[in-house]
*Asks:* 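Sharing a structure here in structure tokens format.
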Amino acid sequence: MIVRGKHAKIRQALIALAMLAPSLLLFGVFVGYPAVEAFRISLYDWTGFSPQADWVGLKHFRGMFGPTVWAMGVPFGLALLAALVIGGLFGRSRSAPPDPRLRRRLNPKWAWAPTLAVLSAWLVWWLYGTNDGDDFFRWCVRNNFRLMFVGGIFQFVFAFLFAAGLSMPKFRAAKFYRTMIFFPSFVSAVGVAILWQRVCDARYGLANGVIEGAANAVSHVISYVHPIHLAVAPIEWLGSDNMFNSIIAAGIWSGVGSQMILLVAAIQRIPPTYYEAARVDGANERHVFSHITIPMIREVILITLTLWVIGALKVFGLVQAMAIQLDEKTSVVSVRQYELAFSNRDNIYQMGYATAMAVVLLVLIVVFALGLRLLRSEDELEF
Amino acid sequence: MRFFHQLLAIVLVTLLAVLGWDLSQRRITRGNKQTIIYAGMFGPGEPMQRLYSGPAPQLEPEHPFGPDASAHYAALVKAWPDLAAKIQADYQRIFQQSFEARGDSDSLVEQYRQLDRKYVEQLVQSLGQKDRANRLRLFALFADLHPQHDARLIKIFQTLHPAYRIGLFEDFKRRNPQYDIEERWDGRWVLSTNRPRFLTGTDVPDVMAGALRELCILYRENLALPLDQPIPDAEDPIWREKGILYGPSYKNANVILKDTFNPVAAETSKYTITDLDVTHNHHPYPAGTRITYLWPSLVHAMVVFYNKAHFAQIGRDPDAVPQTIDEFEGICRQLLAAGIEPIAQDGMTYIEWWWFELANRVLGYETLLSTCRGDSPRFAGSQGDPRYLEIAQRLRRWRDQNFWMKQFSASKWPGAQRDFGTGKCTFLLTGTWLPAEIAQTRSYDPKVFDLSCFVYPAYPGGPGNQRRLTASAQGHAITRQGKNHKGAVALLSYLSAYGAELEADELHYVSAQKGIAFPTEMKSLEPIFQQAGTGDIITDGISGDLPMCYKFVLLETFNRFFPLRSDNPSPAEFVEELERKAQSHYERYGKAR
């Protein structure tokens with residue numbers, strides 16, 4: 001909207017504000033206020049049953065991170081400040097605009113990089129270099145990261161391979177396979193958990209049954225030459241050591257379809273003329289893939305990765321339903337939060353502490369989402 | 001713009017109409033009745049459990065009416081002749097024998113005749129199916145009373161608990177027309193579900209179901225009514241002067257409610273006021289006062305269930321239960337030699353009870369409580385009690401000798417009880433809720449599975465009473481914020497009077513009421529319950545007395561010690577870790593939590 005006349009800028013700003021007001025109001029009421037309120041609650045000891053709550057300040061955070069991390073608060077804060085300053089000074093745009101006033105402005109994207117580097121270093125040190133504070137919580141964060149990295153890599157590789165395969169023009173029955181691969185995404189987390197519990201049951205499960213069947217078949221074949229019986233000890237897929245791997249496998253199985261669909265849609269959006277032109281110029285399949293397909297779907301890849309990162313850090317239903325009883329090797333932050341805040345069988349009701357965990361989780365999600373934003377291309381492709 | 005205003009007006013009028021209709025519903029449907037809001041959870045037979053367990057293999061399902069209920073069949077046939085052909089055909093199909101009408105009585109025929117046609121059709125339909133739910137008894141109890149509630153009553157024919165309670169509610173409403181019950185089945189996390197109601201004071205339930213331990217937060221935060229203490233602002237003079245439980249019982253005005261509970265139920269329904277409750281929650285009672293906050297309906301005790309059929313297989317008298325820990329170990333070895341897995345066990349569910357029960361025998365509960373509270377003796381270190389290490393070593397030996405079933409570490413609840421109920425293992429340490437939980441999945445062939453139980457064996461030379469039982473009560477609390485205390489008391493009195501027998505009979509629970517026969521599988525516990533004194537019962541154990549220590553110190557360490565893991569601590573490391581975790585717990589939360 002173009003506004004002319006006296007005080008045009010002020011009037012334009014007011015109009016913009018008026019148009020943004022409903023969104024800002026909704027955001028403030030449903031996102032901003034709860035986030036601030038969550039931080040406030042994290043400063044109290046509160047059961048959530050009556051208004052009575054005791055102010056404890058940062059005690060929950062201190063207990064969560066432990067004295068070692070707490071003692072490093074000042075040096076870390078200074079490092080973070082330095083990173084912000086360094087980012088501000090040197091994080092200029094690579095393609096600086098000709099206007100010197102604009103050139104002086106910071107490019108907010110790279111200005112975050114040193115800060116993220118400091119935060120990441122601190123995170124790694126806290127997770128793997130310290131041993132005080134809340135051990136269980138630290139394990140939970142590690143498990144979330146394990147799901148995020150290990151599960152993320154496998155899921156993305158599978159999704160990408162399926163998407164690439166199903167997008168090939170001569171692939172027969174692509175719709176059928178696409179539906180089959182996408183199908184697990186329809187199943188609720190609890191359904192997936194129960195199904196995989198059945199599969200992974202050490203005594204009666206499908207997984208061990210298949211292994212045992214394969215061993216018997218091999219024994220049978222070999223016995224024609226030499227009498228032998230291959231005995232395979234049942235693998236405890238749901239035991240403490242393997243449980244989280246089983247959860248990751250179930251997560252990949254249920255999530256790969258939705259990622260694949262996004263990638264397939266992105267690949268199929270690329271105009272075929274691009275491929276034709278490249279092939280006329282002598283490009284082989286590898287060149288086409290790396291110079292056309294990947295760059296053209298880069299934004300979608302980053303969106304799928306961002307969604308996965310957020311999902312992996314917030315994961316709840318699958319772990320809660322699949323693990324049933326949780327130890328530190330199998331729990332994740334959301335499940336631990338739920339146990340502490342809502343699990344009335346334990347009679348704990350640590351609403352304040354659980355909310356402090358939620359605050360930390362929120363910070364982690366913001367940090368990782370910002371990190372992924374750095375990978376986004378500055379120039380959007382339009383086709 | 002005009003169109004926009006018209007649209008807005010239509011939306012507003014519609015919203016107001018819906019709101020008005022919604023608000024009027026309660027008034028229209030309930031008239032002048034006083035509503036009792038009942039918040040319950042679920043129990044045995046909940047769908048999740050059956051989903052995990054699945055049906056017991058190779059078992060012919062029993063029919064609830066059974067071939068012997070011919071009086072009811074005959075009455076039904078006589079009362080509804082047009083449905084007779086279907087009833088008889090179904091009978092023949094299910095019981096593989098032709099139907100012979102015998103034993104019907106005029107009153108029974110009349111009862112069936114009075115029922116609503118739709119209801120009878122659904123009844124005949126359900127009778128034509130095989131399942132093990134005991135619907136006949138329920139039918140006989142409630143169906144005749146409520147022909148007008150046909151659809152509702154169908155629920156009592158479902159196997160799901162708390163279906164039977166819905167029937168009781170119907171009966172209560174019939175007997176007490178001034179009351180209406182608003183039932184809320186809030187699932188296992190009934191307290192968490194209702195937490196916002198407590199916080200805002202809106203629609204707070206009058207009655208909440210749960211165990212003493214589960215409802216503890218209500219007592220701690222002074223949100224529940226004390227049942228055996230005077231309530232100064234109560235209208236009822238007895239409540240004002242003595243307390244709710246001093247009022248007359250439902251069936252007999254000469255007996256006070258308090259005296260209808262058995263001693264174990266009465267003892268395990270009490271909560272001890274702590275210092276924290278006084279200083280933090282401003283409780284009016286001094287610390288140490290034991291107050292009955294829970295209106296008990298059942299009592300669960302931790303016992304060792306065993307399969308008598310396996311005792312017979314190893315040449316042992318099926319009723320000769322082990323008296324000492326060493327004897328128990330000997331039987332486990334015998335079972336192993338006979339190729340039977342001795343103990344059914346899930347990796348992380350109830351496995352801690354082997355430690356607790358052994359510690360109760362070896363050290364005595366008071367010593368264990370003292371350690372957990374931060375006093376002496378300690379788990380390890382200079383003030384450490386060597387018996388803690390001895391307990392850990394013994395349990396590690398059991399694990400290494402394969403006393404617990406194969407792959408127990410990876411077994412998830414209810415894997416152990418499924419294997420136990422189908423005759424694969426001999427022992428299972430769990431609560432007396434077990435018979436109800438495995439009723440749908442266990443084997444009913446006595447050669448495969450013959451269920452009985454015994455109290456955890458004694459440790460010769462151990463302190464105190466070596467027959468001491470850890471027990472917990474299940475029941476209801478009356479909320480302070482609830483608006484219908486009188487109705488709540490009337491309902492709970494009724495449930496105690498009429499529900500107790502049903503729960504013991506149909507669900508195989510140990511009732512909290514005096515004079516109710518114990519389920520067959522737990523007959524051996526009856527004398528203990530009848531003679532129990534205060535010192536013979538441990539109420540809930542550490543999980544009740546120090547819930548945070550239980551969860552953050554003990555359970556988290558046990559989960560690393562018991563199941564097979566790559567980083568299992570040795571027994572010595574285990575007790576050291578217990579001590580280390582306990583110390584850091586005290587630093588963070590103090591010693592009394």
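Quick note on labels: first sequence line is chain A, next is B, and so on, each numbered from 1. The figures here come from the full heavy-atom set of this structure, side chains too, leaving out hydrogens, waters and symmetry mates.
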*Asks:* Pick one of side chain, backbone, both or neither for B:Ser409, based on which atoms fall under 4.5 Å of a heavy atom in chain A.
*Replies:*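 Both the backbone and the side chain of B:Ser409 come within 4.5 Å of chain A.
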
*Asks:* Could you grab the distance from atom CD of A:Gln52 to atom NE2 of B:His280, nearest 0.5 Å is fine?
*Replies:* 5.0 Å

*Asks:* Does some side-chain heavy atom of A:Gln350 sit less than 4.5 Å from a side-chain heavy atom of B:Tyr589?
*Replies:*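 They are in contact (side-chain heavy atoms under 4.5 Å apart), so the answer is yes.
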
*Asks:* Taking B:Lys551 for its side chain and A:Ile348 for its backbone only, find out whether a donor-acceptor pair lies under 3.5 Å.
*Replies:* no

*Asks:* Mind checking the CG-OG spacing from B:Asp567 to A:Ser240? Nearest 0.5 Å is all I need.
*Replies:* 7.0 Å

*Asks:* Check whether more than 12 heavy atoms from other residues, nucleotides or ligands sit under 6.0 Å from atom OH of A:Tyr204, and answer yes or no.
*Replies:* yes

*Asks:* Does the side chain of A:Tyr349 reach to within under 4.5 Å of the side chain of B:Leu191, using non-hydrogen atoms?
*Replies:* yes

*Asks:* At a 4.5 Å cut-off on heavy atoms, which part of B:Leu199 comes close to chain A: side chain, backbone, both, or neither?
*Replies:* both

*Asks:* Donor-acceptor pair, distance only, cut-off 3.5 Å: does the side chain of B:Arg213 make one with the backbone of A:Asn347?
*Replies:* no

*Asks:* By a 4.5 Å heavy-atom criterion (distance strictly below it), what part of A:Asp135 contacts chain B: side chain, backbone, both, or neither?
*Replies:* side chain

*Asks:* Got a second to check how far B:Ser192's OG is from A:Met351's CE, nearest 0.5 Å?
*Replies:* 8.0 Å

*Asks:* More than 12 heavy atoms of other residues, nucleotides or ligands under 6.0 Å from NZ of A:Lys314: yes or no?
*Replies:*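 Counting neighbours around NZ of A:Lys314, 12 or fewer heavy atoms of other residues, nucleotides or ligands fall under 6.0 Å, so no.
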
*Asks:* Quick one: what part of B:Gln407 sits under 4.5 Å from any heavy atom of chain A, side chain, backbone, both or neither?
*Replies:* both

*Asks:* With a 4.0 Å cut-off on N to O distance, would you call A:Asp327 and B:Arg565 a salt bridge?
*Replies:* yes

*Asks:* Taking atom CH2 of A:Trp139 as the centre, does the number of heavy atoms from other residues, nucleotides or ligands within less than 6.0 Å exceed 12?
*Replies:*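 Atom CH2 in A:Trp139 is crowded, with more than 12 foreign heavy atoms closer than 6.0 Å.
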
*Asks:* So with a 6.0 Å cut-off around CZ of A:Phe316, is the heavy-atom count from everything else above 12?
*Replies:*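 Enclosed: over 12 neighbouring heavy atoms sit under 6.0 Å from CZ of A:Phe316.
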
*Asks:* Could you please spell out the steps behind the side-chain contact (heavy atoms from CB on, under 4.5 Å) verdict for A:Ser50 and B:Arg195?
*Replies:* CA-CA 9 Å; A:Ser50 63; B:Arg195 174 153 55 181; over 6 Å; no

*Asks:* Have A:Tyr353 and B:Arg588 got a donor and an acceptor in their side chains that come within less than 3.5 Å?
*Replies:*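 There is such a pair (donor and acceptor under 3.5 Å, judged by atom type) between the side chains of A:Tyr353 and B:Arg588.
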
*Asks:* Please classify the contact between B:His585 and chain A as side chain, backbone, both or neither, with a heavy-atom cut-off of under 4.5 Å.
*Replies:* neither

*Asks:* Do A:Thr47 and B:Phe198 have side-chain heavy atoms sitting under 4.5 Å apart?
*Replies:*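 When only atoms from C-beta onward are counted, B:Phe198 and A:Thr47 do not touch, as no gap falls below 4.5 Å.
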
*Asks:* What pair of heavy atoms forms the shortest contact from A:Ala202 to B:Ala410, and how long is it?
*Replies:* CB-CB, 4.1 Å

*Asks:* Out of B:Asn222, B:Thr200, B:Asp419, return the one with the most heavy atom pairs under 4.5 angstrom to chain A.
*Replies:* B:Asp419

*Asks:* Give, as side chain, backbone, both or neither, the part of B:Tyr550 having an atom under 4.5 angstrom from any heavy atom of chain A.
*Replies:*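 Interface part for B:Tyr550: neither.
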
*Asks:* Is the closest basic N to carboxylate O distance between B:Lys412 and A:Asp201 below 4.0 Å?
*Replies:*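 Looking at A:Asp201 together with B:Lys412, the answer is no, because their closest N to O distance does not fall below 4.0 Å.
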
*Asks:* Can you tell me how far CZ of A:Phe49 sits from CG of B:Leu218, rounded to the nearest 0.5 angstrom?
*Replies:* 6.5 Å

*Asks:* Check this for me: A:Tyr128, atom OH, are more than 12 non-hydrogen atoms of other residues, nucleotides or ligands nearer than 6.0 Å?
*Replies:*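 Counting other residues, nucleotides and ligands, OH of A:Tyr128 exceeds 12 neighbours.
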
*Asks:* What residue, out of A:Lys329, A:Lys59, A:Arg62, has the most heavy-atom pairs lying under 4.5 Å from chain B?
*Replies:* A:Lys329

*Asks:* Please classify the contact of B:Arg560 with chain A as side chain, backbone, both or neither, using a heavy-atom distance under 4.5 Å.
*Replies:* side chain

*Asks:* When you check the gap from the basic side-chain N to the acidic O, do A:Arg336 and B:Glu556 get nearer than 4.0 Å?
*Replies:*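 Result for this pair is yes, salt bridge flagged.
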
*Asks:* Answer yes or no: is there an ion pair linking B:Lys406 with A:Glu236, defined by an N-O contact shorter than 4.0 Å?
*Replies:* no

*Asks:* Just wondering, are more than 12 heavy atoms of other shown residues or ligands nearer than 6.0 Å to OH in B:Tyr586?
*Replies:* yes

*Asks:* Does A:Asp132, at its CG atom, have more than 12 non-hydrogen atoms belonging to other residues, nucleotides or ligands within less than 6.0 Å?
*Replies:* yes

